[in-house]
There are 2 protein chains.
Amino acid sequence: METGLGIQGAAARSGLSAHTLRYYERIGLIHEVHRDVTGHRVYSEADLGWLEFLTKLRQTGMPIADMCRYAELMREGPSTVRARRLMLEAHRERVLACISQLNDDLKTVEAKITMYLEME
Amino acid sequence: METGLGIQGAAARSGLSAHTLRYYERIGLIHEVHRDVTGHRVYSEADLGWLEFLTKLRQTGMPIADMCRYAELMREGPSTVRARRLMLEAHRERVLACISQLNDDLKTVEAKITMYLEME
DNA sequence: GCTTGACTTCGAGCGCGCTCTAACGGGGAG
DNA sequence: CTCCCCGTTAGAGCGCGCTCGAAGTCAAGC
């Protein structure tokens, strides 16, 4: 059984840089990564899964501050489940609005493309 | 016939701030806005339409630098129609990829929401 | 005539999310 | 033992897209 990855391995698997991984830990986005005997970070599968989820939140435009809040709720345990759900639901609505805006804007862009094709 | 809007009117109609309108002009995103006798900017309907389009490009994540390039092509006239179309087509692909990514990420978020609902 | 307020220009400053540098240390290869 | 690489920390710096501040001009209202 694989025990865990070093920071470079975690960077490779998560798509984040080692710098960013340390930064995320510093600001509390990822909690107290385990260290080996020499003080080097060792990322567990759970850490990697959490990073993957964080990445999805970032990609969908959640601000770092909100992600920190969410991470904090996670650490506070099961009593925060409802609060976490509410956060994610609010986020979902924002993302849906954003997607619908993108689709609208895209229509305008496509109309321009069509116009240009007719001009050529 | 309405001759045009002042900077505050243009700000209200475009959703951009007066500061941003001046900034856009400074960097060449919007070309030489007409001035009245006192030197104040007067935005034409054409300017406002252009601003509206710019806003859609921004909202879909086009970098300012690319928008400047596009604006420059506009100023160079009909010979750049093909180049403009290619830019917009490339942009469209990026936006489509982004939307599809958002939809994927959203699925994960929704799965979490469902999970939380089951936990409650 | 004086104040008020909207406009002008120029350039500095800010918030976000990283990204990088400096200075240091330990562990393995030759 | 020496070299080199990968890691560590604390803190500074950067790129983007605005956003704001200072200082000045002009027109209208009292």
Side-chain angles (χ1 to χ4, degrees), chain A residues 3-44 47 50-71 91 94 98 101 105, chain B residues 3-44 47 50-71 91 94 98 101 105:
Chain A
T3 333
L5 280 72
I7 197 162
Q8 295 305 335
R13 274 249 327 238
S14 67
L16 301 165
S17 72
H19 282 306
T20 301
L21 289 175
R22 287 189 207 101
Y23 164 68
Y24 277 9
E25 191 173 339
R26 210 157 65 205
I27 64 177
L29 257 187
I30 174 164
H31 187 55
E32 297 282 294
V33 176
H34 177 248
R35 306 304 180 100
D36 69 13
V37 70
T38 67
H40 293 190
R41 287 169 180 82
V42 179
Y43 290 83
S44 67
D47 292 330
W50 173 239
L51 281 172
E52 199 176 323
F53 183 60
L54 286 181
T55 298
K56 288 178 198 300
L57 292 182
R58 273 300 300 135
Q59 253 161 197
T60 49
M62 183 181 284
I64 293 276
D66 291 10
M67 290 167 55
C68 287
R69 173 76 188 128
Y70 184 83
H91 183 57
R94 282 189 299 267
C98 168
Q101 179 72 69
D105 293 345
Chain B
T3 333
L5 280 70
I7 198 162
Q8 296 305 335
R13 273 244 332 234
S14 67
L16 301 165
S17 71
H19 281 308
T20 301
L21 288 175
R22 287 188 209 102
Y23 165 68
Y24 276 10
E25 190 173 341
R26 210 157 67 205
I27 64 176
L29 257 187
I30 174 162
H31 188 52
E32 296 282 295
V33 175
H34 176 248
R35 306 305 180 99
D36 67 14
V37 70
T38 68
H40 294 189
R41 287 169 180 82
V42 179
Y43 291 82
S44 67
D47 291 332
W50 174 239
L51 281 172
E52 198 177 324
F53 183 61
L54 285 182
T55 298
K56 289 176 197 300
L57 292 182
R58 272 301 298 134
Q59 252 162 196
T60 49
M62 183 181 283
I64 292 276
D66 290 10
M67 289 167 55
C68 287
R69 174 74 188 129
Y70 185 84
H91 184 57
R94 282 188 300 268
C98 169
Q101 179 72 68
D105 293 345

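So you know, we letter chains A, B, ... as the sequences are listed, proteins then strands, and number each from 1.
- To the nearest 0.5 Å, the span separating OG1 on B/Thr20 from CZ on B/Arg58 amounts to 10.5 Å.
- Between B/Ile27 and B/Cys68 the shortest heavy-atom distance is O-SG, 3.6 Å.
- Rounded to whole Å, atom P of D/dG7 lies 16 Å from atom NE2 of A/His34.
- Side-chain contact between B/Val33 and B/Val42 is absent, with no heavy-atom pair separated by less than 4.5 Å.
- Annotation: side chain of A/Leu54 is not in contact with side chain of A/Met62 (no heavy-atom distance under 4.5 Å).
- Each end of the helix from C/dG1-D/dC30 to C/dG30-D/dC1 yields a helix axis from five base pairs, and these two axes differ in direction by 20° (to the nearest 10 degrees).
- Put simply, OH on A/Tyr43 is 12 Å from C1' on D/dT8, counting in whole angstrom units.
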Discussion item. Please encode protein proximity along nucleotides 1-18 of chain C as a string of B, S and -, counting only heavy-atom distances under 4.0 Å.
Written reply: ------SBB-B-----SB

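- Looking at B/Tyr24 and B/Ile64, their side chains come closer than 4.5 Å, going by heavy atoms from C-beta outward.
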Item to complete: Please assess A/Glu25 against A/Arg41 for the test salt bridge (Lys or Arg N to Asp or Glu O under 4.0 Å), listing each intermediate value before the final yes or no.
Response: CA-CA 11 Å; A/Glu25 191 173 339; A/Arg41 287 169 180 82; 2.6 Å; yes

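- With no hydrogens or angles considered, a side-chain donor-acceptor pair links B/His91 and B/Thr60 at under 3.5 Å.
- Between A/Tyr70 and A/Trp50, the ring-plane angle classifies as parallel under the 30° and 60° cut-offs.
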